[in-house]
Amino acid sequence: MRSIRSIRSILTGKLHIIILATAALLPAAALADSDGNAARTPDAASCFLELQTDALDILPRTVRFDMLEYFKADSVYMATNAMGGKSFLREVGPGFLEVQITDVSSMQIKLLPSRKNGEIIATIYTVGGSGQAPDSELRFYDQGLKSIPAGKLMPRMELKHFFEIPRGSVTTMKEIEQTVPFPTIEFKASPDSDSLSARLTIEGFMNQDDYNVIRLFEKPGLILDWDGSKFRFRKD
């Protein structure tokens, strides 16, 4: 007589086979109409399934489909990626998705309402972990998943935005810029808001004595609010 564990294993295996067969037959999500014009993006899951970007190259489309199907069934699928590591979905919603790609990399997909273009898709690819300071890359796409230059939707991020130096201080912004020649920034989106948070992650690779000085003037982070056309710094 088979144990409950062995029966569960057989059923799980059959489910996986069914999902793979369905994925092979599934057509690409309709992100454009018959004339090639951008159509309304269904949800963040469809963007994850169809997005072509270097960050997701290690997750073939069939693997992404498996991950989504298991998540719909309230099961976290630890998918084997092309590098032999494990990838899994942290959160999936209509307008937000977060995937752990490797032990040290993740991606958030956020749908933003646009005044002119229906919706803008934002992706935040973050690398960091195991002693490495988190550093994020933002990319933007239209409803047809065509790339949009980030400069059109984001203000220029400068080191001075992350510091507040009171009048009369011996330390100057120029000195801080010389101390931090290559700032790293971690961005985060949220399923509950169209805003972005941004924080410096320089403490992981700076000389501790230097950091102890400049941290006195460092802000805890910044908030960028989406106004329907672009992100803008939230005023204090």
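Residues take their numbers from the sequence shown, with the count starting at 1.
- Between L196 and K110, every side-chain heavy-atom pair lies at or beyond the 4.5 Å cut-off.
- A salt bridge between K72 and E69 is present, with a side-chain N of the basic residue lying under 4.0 Å from a carboxylate O of the acidic one.
- What you find for A198 and F162 is that their closest heavy atoms are O-CE2, 3.8 Å.
- In terms of the side chain to side chain contact (heavy atoms under 4.5 Å, CB included) criterion, residue partners of E164 (sequence neighbours excluded) are, by chain and number, K219.
- Within the model, atoms CG of D142 and NZ of K116 stand 14.5 Å from one another, a figure rounded to the nearest 0.5 Å.
- Going from atom CD1 of I165 over to atom NZ of K174 covers 13.0 Å, rounded to the nearest 0.5 Å.
- The closest donor-acceptor contact from the side chain of R64 to the backbone of L56 lies under 3.5 Å.
- R61 is listed as a side-chain neighbour of L49, based on a closest heavy-atom distance under 4.5 Å.
- Between L51 and I121 there is no side-chain heavy-atom pair separated by less than 4.5 Å.
- Residues satisfying the side chain to side chain contact (heavy atoms under 4.5 Å, CB included) test with P220, not counting sequence neighbours, are none.
- The distance from the OG atom of S46 to the CD atom of Q143 is 12.0 Å, given to the nearest 0.5 Å.
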CA sep, side-chain torsions, deciding dist, call: T53, Y141, side-chain contact (heavy atoms from CB on, under 4.5 Å): CA-CA 11 Å; T53 177; Y141 304 85; 4.1 Å; yes

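- Side-chain N/O atoms of N81 and S87 include a donor and acceptor closer than 3.5 Å.
- Distance check: E203 CD to E218 CD gives 7.0 Å after rounding to the nearest 0.5 Å.
- Applying the 4.5 Å side-chain rule to ILVMFWY residues, one finds V76, M78 in the same cluster as F88.
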Please set out all donor-acceptor pairs under 3.5 angstrom arising from side-chain atoms of residues 95-102, sequence neighbours excluded.
| residue | atom | partner | partner atom | Å |
| --- | --- | --- | --- | --- |
| Q100 | OE1 | R90 | NE | 3.0 |
| Q100 | OE1 | R90 | NH2 | 3.2 |
| Q100 | NE2 | T102 | O | 2.8 |
| Q100 | NE2 | S105 | O | 3.2 |
| T102 | OG1 | V104 | N | 3.2 |
| T102 | OG1 | S105 | N | 3.1 |
| T102 | OG1 | S105 | OG | 2.6 |

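- Hydrophobic clustering keeps I223 apart from L112 (ILVMFWY residues linked when any side-chain heavy atoms are closer than 4.5 Å, directly or through intermediates).
- The two residues I120 and L153 come nearest to each other via the heavy atoms CG2-CD1, 3.9 Å.
- For the pair W226/S193, no side-chain contact is recorded, criterion being any heavy-atom separation below 4.5 Å from C-beta on.
- Side chain of T184 to backbone of T201: a donor-acceptor contact under 3.5 angstrom is found.
- Atom CD of Q178 sits in a crowded spot, with more than 12 heavy atoms from other residues, nucleotides or ligands closer than 6.0 Å.
- Residues I109 and T123 are in side-chain contact: their nearest non-hydrogen atoms beyond the backbone lie under 4.5 Å apart.
- Qualifying side chain to side chain contact (heavy atoms under 4.5 Å, CB included) partners for K160, counting only residues two or more places apart in sequence or in other chains: E158, M173.
- Hydrophobic clustering of Ile, Leu, Val, Met, Phe, Trp and Tyr side chains at less than 4.5 Å, counting indirect connections, unites I148 with M157.
- A donor-acceptor distance shorter than 3.5 angstrom exists from the side chain of Q108 to the backbone of A189, with no hydrogens or angles considered.
- Of all non-hydrogen atoms in F233 and R156, the two that sit nearest each other are CZ-O, 4.0 Å.
- In this structure, the side chains of M67 and F48 come closer than 4.5 Å at one or more pairs of heavy atoms.
- Taking CG from D135 and CD from E186, the interatomic distance works out to 9.0 Å, rounded to the nearest 0.5 Å.
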- request: Show your working on side-chain contact (heavy atoms from CB on, under 4.5 Å) between L200 and I185 and close with a plain yes or no.
  value: CA-CA 5 Å; L200 277 182; I185 303 172; 4.1 Å; yes

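- Minimum interatomic distance between V180 and I214 (heavy atoms only, all atoms of both residues): CG2-CD1, 3.7 Å.
- Separating the CG atom in L59 from the OG1 atom in T80 is a distance of 10.5 Å, to the nearest 0.5 Å.
- Cluster membership for V213 and I202, using ILVMFWY side-chain heavy atoms within less than 4.5 angstrom, is not shared.
- Considering every non-hydrogen atom in both P166 and F217, the closest pair reads CD-CD2, 3.8 Å.
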message: Does R115 form a side-chain contact (heavy atoms from CB on, under 4.5 Å) with D227? I'd like the steps, not just the answer.
response: CA-CA 9 Å; R115 294 174 182 172; D227 68 359; 4.2 Å; yes

query: Would V127 and Q132 satisfy side-chain contact (heavy atoms from CB on, under 4.5 Å), going step by step from the backbone distance to the final call?
result: CA-CA 8 Å; V127 176; Q132 181 182 2; 3.8 Å; yes

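- K152 approaches K230 most closely through the heavy-atom pair O-CB, 4.1 Å.
- With contacts defined as side-chain heavy-atom distances shorter than 4.5 Å, the pair K188/T126 does not qualify.
- Linking Ile, Leu, Val, Met, Phe, Trp and Tyr whenever their side-chain heavy atoms come within less than 4.5 Å puts F65 and I58 in one cluster.
- Considering only residues two or more places apart in sequence or on other chains, D57 meets the salt bridge (charged side-chain N to carboxylate O under 4.0 Å, His left out) condition with none of them.
- In this structure, F140 and F231 have tilted ring planes: the angle between them lies in the 30° to 60° band.
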